[in-house]
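Notes to accompany the following structure.
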Amino acid sequence: MQTHSLQTLRDSFAPSDRMPLVFLGHGSPMNAIEDTAYVRAWADLGQSLPRPTAILVVSAHWMTKGTTLVDVSAMPRTIHDFYGFPEALYAEQYPARGQPDLAREVVTLLASHRAQEDDTWGLDHGAWAVLKFLYPDADVPVFQVSIDMGRGLEHQLEVGRTLSELRDRGVLILGSGNVVHNLRAMRPGGRPMDFALEFDGLFADRLADRDFAALADREALGALLPQAHPSVDHYLPALTIAGASDTRDALTFMTDSIDLGSVSMRSFVFHAI
């Protein structure tokens with residue numbers, strides 16, 4: 001496993017028909033309308049990535065229980081799933097078209113994961129708030145796949161493994177969440193909490209070692225996991241992306257800081273060597 005800097009990411013992409021895998025720590029919805037180091041990094045990444053035929057997004061903000069839903073709508077709506085923010089944020093739209101035919105294929109692909117079609121969701125802010133920087137023209141078809149909160153952590157690794165074959169068809173699989181996400185412990189302007197630094201570092205080390213089983217082992221993660229994630233919704237998309245990778249991939253970390261004291265903005269990319 002190789003770990004690269006963001007600055008060398010463009011040069012490190014090997015000529016390949018196999019699409020990279022991307023996980024972005026999306027943090028506050030305000031990133032969608034503010035000029036931050038995070039959004040500048042996402043924009044740089046978008047200019048570096050090979051152009052996909054479609055984007056499949058696994059976002060922390062589409063949670064289901066007992067099933068995995070796949071959005072098959074032709075024109076996914078922009079969902080403003082947050083409260084108490086400036087009007088400018090609610091005016092944001094991401095008018096990308098969907099990919100119904102491919103989405104229905106994914107339903108079949110994920111049949112063993114209790115997948116079903118859905119045409120009511122669209123793009124929540126875990127999706128559009130990062131896509132607007134990766135692909136600002138909204139000119140790549142995109143659809144979401146939900147996370148089943150009724151299953152264990154290992155299940156999301158399995159979903160990633162199942163989806164991985166789409167990489168060879170030009171599909172960019174994008175996970176959006178946060179490696180550490182504890183809103184109860186947020187301290188605007190405060191220093192990173194010790195548990196946030198510890199879990200973020202542990203995650204990065206295990207990911208680089210390809211010890212994904214350790215990242216999905218609740219017992220081994222112990223009391224640190226509920227400190228970092230009172231609910232694991234923001235953690236699961238990172239496991240999806242890990243599960244879709246293999247030993248042919250190199251790893252790049254980016255935006256590896258702790259925001260608001262208890263939110264890891266760490267992002268990473270797996271790409272063919």
Side-chain angles (χ1 to χ4, degrees), residues 1-61 92 94 96 123-144 160 163-164 166-167 170-181 200 203-204 207-208 234 237-242 244-245 248-259 263-273:
M1 178 69 65
Q2 299 174 0
T3 303
H4 302 277
S5 66
L6 178 60
Q7 290 76 10
T8 61
L9 185 58
R10 186 191 299 270
D11 293 337
S12 70
F13 282 128
S16 172
D17 293 330
R18 194 164 186 259
M19 286 299 295
L21 300 160
V22 177
F23 174 82
L24 296 181
H26 65 244
S28 168
M30 289 298 292
N31 284 313
I33 58 172
E34 293 181 340
D35 179 21
T36 68
Y38 311 123
V39 304
R40 290 193 294 271
W42 302 342
D44 288 345
L45 176 63
Q47 294 174 8
S48 302
L49 291 168
R51 186 167 181 82
T53 58
I55 306 167
L56 183 161
V57 181
V58 179
S59 165
H61 293 281
E92 288 285 311
Y94 192 78
L123 299 175
D124 59 53
H125 82 270
W128 63 260
V130 296
L131 286 170
K132 67 166 286 188
F133 297 101
L134 292 177
Y135 301 102
D137 295 329
D139 55 354
V140 180
V142 58
F143 64 99
Q144 283 194 223
L163 293 175
S164 63
L166 298 174
R167 300 177 64 186
V171 178
L172 176 67
I173 303 174
L174 169 65
S176 179
N178 292 99
V179 170
V180 176
H181 187 261
D200 183 69
F203 178 89
L207 193 73
H234 277 67
L239 297 183
T240 314
I241 298 305
S245 71
R248 295 174 291 169
D249 289 319
L251 173 63
T252 296
F253 286 117
M254 47 186 281
T255 60
D256 56 352
S257 62
I258 305 295
D259 194 23
V263 177
S264 169
M265 295 300 292
R266 180 181 296 278
S267 299
F268 56 89
V269 181
F270 283 109
H271 50 96
I273 299 173

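Every heavy atom of this structure was used, including side-chain atoms; hydrogens, water molecules and symmetry mates were not.
When side chains are defined from C-beta on, Met265 counts as touching Asn178, because their heavy atoms get closer than 4.5 Å. Using a 4.5 Å cut-off on side-chain heavy atoms (C-beta onward), Leu49 and Tyr135 make contact. At least one side-chain heavy atom of Leu174 sits less than 4.5 Å from a side-chain heavy atom of Leu131. In this structure, Phe143 and Leu56 have side chains that are in contact, with non-hydrogen atoms separated by less than 4.5 Å. Side-chain contact between Gln144 and Leu123: present, with at least one pair of heavy atoms (C-beta onward) separated by less than 4.5 Å.
Tyr94 contributes atom OH, which lies 11.5 Å from atom CH2 of Trp128 (distance to the nearest 0.5 angstrom). Going from atom NZ of Lys132 over to atom CG of Asn31 covers 10.5 Å, rounded to the nearest 0.5 Å. Summarising the geometry, atom CZ belonging to Phe270 is positioned 12.0 Å from atom CD1 belonging to Ile173; distances are rounded to the nearest 0.5 Å. With values rounded to the nearest 0.5 angstrom, Asp44 atom CG is found 11.5 Å from Thr255 atom OG1. Interatomic distance, Ile241 CD1 to Phe268 CZ, rounded to the nearest 0.5 Å: 6.5 Å. Between the CH2 atom of Trp42 and the CG atom of Leu24 there is a distance of 6.5 Å, given to the nearest 0.5 Å.
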- Item | Pair Met19-Ile55, side-chain contact (heavy atoms from CB on, under 4.5 Å): steps then yes or no | CA-CA 10 Å; Met19 286 299 295; Ile55 306 167; over 6 Å; no

- Hey, mind stepping through Thr36 and Met30 against side-chain contact (heavy atoms from CB on, under 4.5 Å) and telling me if it holds? CA-CA 10 Å; Thr36 68; Met30 289 298 292; over 6 Å; no

- Show your working on side-chain contact (heavy atoms from CB on, under 4.5 Å) between Thr53 and Val171 and close with a plain yes or no. CA-CA 6 Å; Thr53 58; Val171 178; 4.2 Å; yes

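Arg266 and Ala204 get closest at one heavy-atom pair: CZ-CB, 3.6 Å. Across Phe23 and Gly25, no two heavy atoms sit closer than the pair CE2-N, 3.9 Å. Between Asp124 and Ser59, the closest heavy-atom pair is OD1-OG, 2.7 Å. Shortest non-hydrogen contact noted between Val58 and Pro237 is O-CB, 3.5 Å. Nearest approach of Ala244 to Arg167, heavy atoms of both residues: O-NH1, 3.4 Å. Here the shortest heavy-atom pairing between Val263 and Gly27 reads CG1-CA, 4.3 Å.
Ring orientation note: the planes of His26 and His61 are tilted relative to one another, at an angle of 30° to 60°.
Looking only at atom types and distance, the side chain of Tyr38 has a donor-acceptor partner in the side chain of Ser257 under 3.5 Å away.
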